[in-house]
Amino acid sequence: MDSFQALLTLFKQYQTFAISTHVNPDGDAIGSELALFLFLEKLGKTVKIFNTDLVPKKYRFLPYWNKIKNAKASTNFCPEVLVILDASSRERIGSFLSKSLIPTHAVINIDHHVTAEAFGDYNIIIPTASSTAEIIYKFIKSTQIPIDEVSALCLYTGIMFDTGCFRYSNATSETHRIAADLIEIGDFAPDEIYRHVYEHIPLGKIHLLGQTLRTLELTSDGKIAWILVTQSMLKETKTTMDDVEGFVKQIQAIESVEVAICVCELPNGKTKVSLRSEGRVNVAALAAEFNGGGHERASGCRINLPYASAIKALVASAKQHIEENC
Ligand code: 5GP
Ligand code: MN
């Protein structure tokens, strides 16, 4: 039986489902959750979505976004099946949820990260897929149930986000064909979706970007660039960690840069890291050295060190990767 057929059989077999995704959920995580939620509801299932972090404001144009509940709301819900989307590892749904949201029968893991762990009882991991939304699209297409307008909008948003608006190397001709199909089904204007996600920037984010770019440092050969976001910068600009999204892309675009690093000080003094590669260095492998993961050109990790030490360790490791590959 092929993997999508087996997945459908599992979905039909059980009645109660919980869906979750990684901390700091992005467009792919949220779009995939909502489309799968709607699909399971159509099968007549009881479905709830629980995330560790709130739905960022820019995704609140998606219908049913408020079906996504806070982790604490899961306390009295014991699903038969837990579906984890786009998460790479079970722990990445957040420490509370990964300990408390325990299904009675099965964990299903659907992901597209090269570093994804097969932590589920049933795993669909397709690293060649642009996004988890693309996997959900292909899965729904493989069933007799048509994709509805709202699901098309959610899936398009997921694919658009994870391909950087179809600019990254994961946007293949097939991805474009899928996007075209979703636009037709959903009957939405793609430019409006773009504006929702990228052009509702709070003013504070622009101030934060200004402050962050002033921290820019490069190695003498210009191949590694890094920027820093501290808690005091977030406080001063009245922004949150969500607002840091996209910053690393700015410095990856510098002509000489092979590896771009954005380092963010967490409230607990530890460090959140985003890594981007121009293509020669595999930053999924680099992140894995720090117990993180992701894709070859876009990855991340959390390091249990204050930011200054984290930067030292990251730059040293990036230098080694550059020596081996560039
Ligand atoms: P971003 O830099 O946009 O937060 O993340 C880029 C990619 O790296 C995403 O695909 C994301 O899932 C992955 N990633 C980011 N942080 C972590 C992390 O702490 N652990 C793992 N395994 N992957 C991460
Ligand atoms: Mn994704």
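Atoms within a ligand are numbered from 1 in the order they appear, just like the ligands themselves.
In the candidate list R302, R297, R276, H295, R276 is nearest to atom 6 (C) of ligand 1, counting heavy atoms. Considering only non-hydrogen atoms, atom 12 (O) of ligand 1 lies nearest to R92 out of E91, R92, H112.
The Mn ion (ligand 2) does not have H113 among its coordinating residues (no N/O/S atom, backbone or side chain, under 2.8 Å).
Between the NE2 atom of H112 and the OD2 atom of D28, the angle centred on the Mn ion (ligand 2) amounts to 100° when rounded to 10°. Annotation: angle subtended at the Mn ion (ligand 2) by D162 OD2 and D86 OD1 is 160°, to 10°.
Using a 4.0 angstrom heavy-atom cutoff, S89 does not count as in contact with ligand 1. Heavy-atom separations between H22 and ligand 1 are all 4.0 Å or longer.
Residue contacts with ligand 1 for C301 involve N, CA, C or O but no side-chain atom from C-beta outward (heavy atoms, distance under 4.0 Å). Contacts between H113 and ligand 1, counted as non-hydrogen atom pairs separated by less than 4.0 Å, involve the side chain only.
Aromatic ring centroids of F17 and F37 lie 6.0 Å or more apart.
Side-chain atoms of K69 and K48, non-hydrogen and from C-beta on, never get closer than 4.5 Å to each other. When side chains are defined from C-beta on, L10 does not count as touching L8, because their heavy atoms never get closer than 4.5 Å.
Here the CD1 atom belonging to I136 is positioned 8.0 Å from the CZ atom belonging to F4, to the nearest 0.5 angstrom.
Residue contacts with ligand 1: L275 is placed with no nitrogen or oxygen under 3.5 Å of a nitrogen or oxygen of the ligand (distance criterion only). The N/O atoms of G293, backbone and side chain alike, include one that comes under 3.5 Å of an N/O atom in ligand 1.
Here the protein heavy atom with the shortest distance to atom 15 (C) of ligand 1 is G300 CA, 3.4 Å. Regarding atom 7 (C) of ligand 1, its nearest protein heavy-atom neighbour is A298 O, 3.5 Å.
Of all the atoms in ligand 1, the ones that sit under 4.0 Å from a non-hydrogen atom of S274 are 1 (P), 2 (O), 4 (O).
When the options N51, L38, V47 are evaluated for a side chain to side chain contact (heavy atoms under 4.5 Å, CB included) with E33, the one that passes is N51.
Between E258 and K319, none of the side-chain N atoms (NZ, or NE/NH1/NH2) sits under 4.0 Å from a carboxylate O, so this pair counts as no salt bridge. Using a cut-off of 4.0 Å between Lys/Arg side-chain N and Asp/Glu carboxylate O, R195 and D191 are scored as salt-bridged.
A donor-acceptor pair under 3.5 Å is absent between the side-chain atoms of Q252 and the main chain of A260, judged by distance alone.
With 3.5 Å as the limit, one finds a donor-acceptor pair spanning the side chains of T172 and T175.
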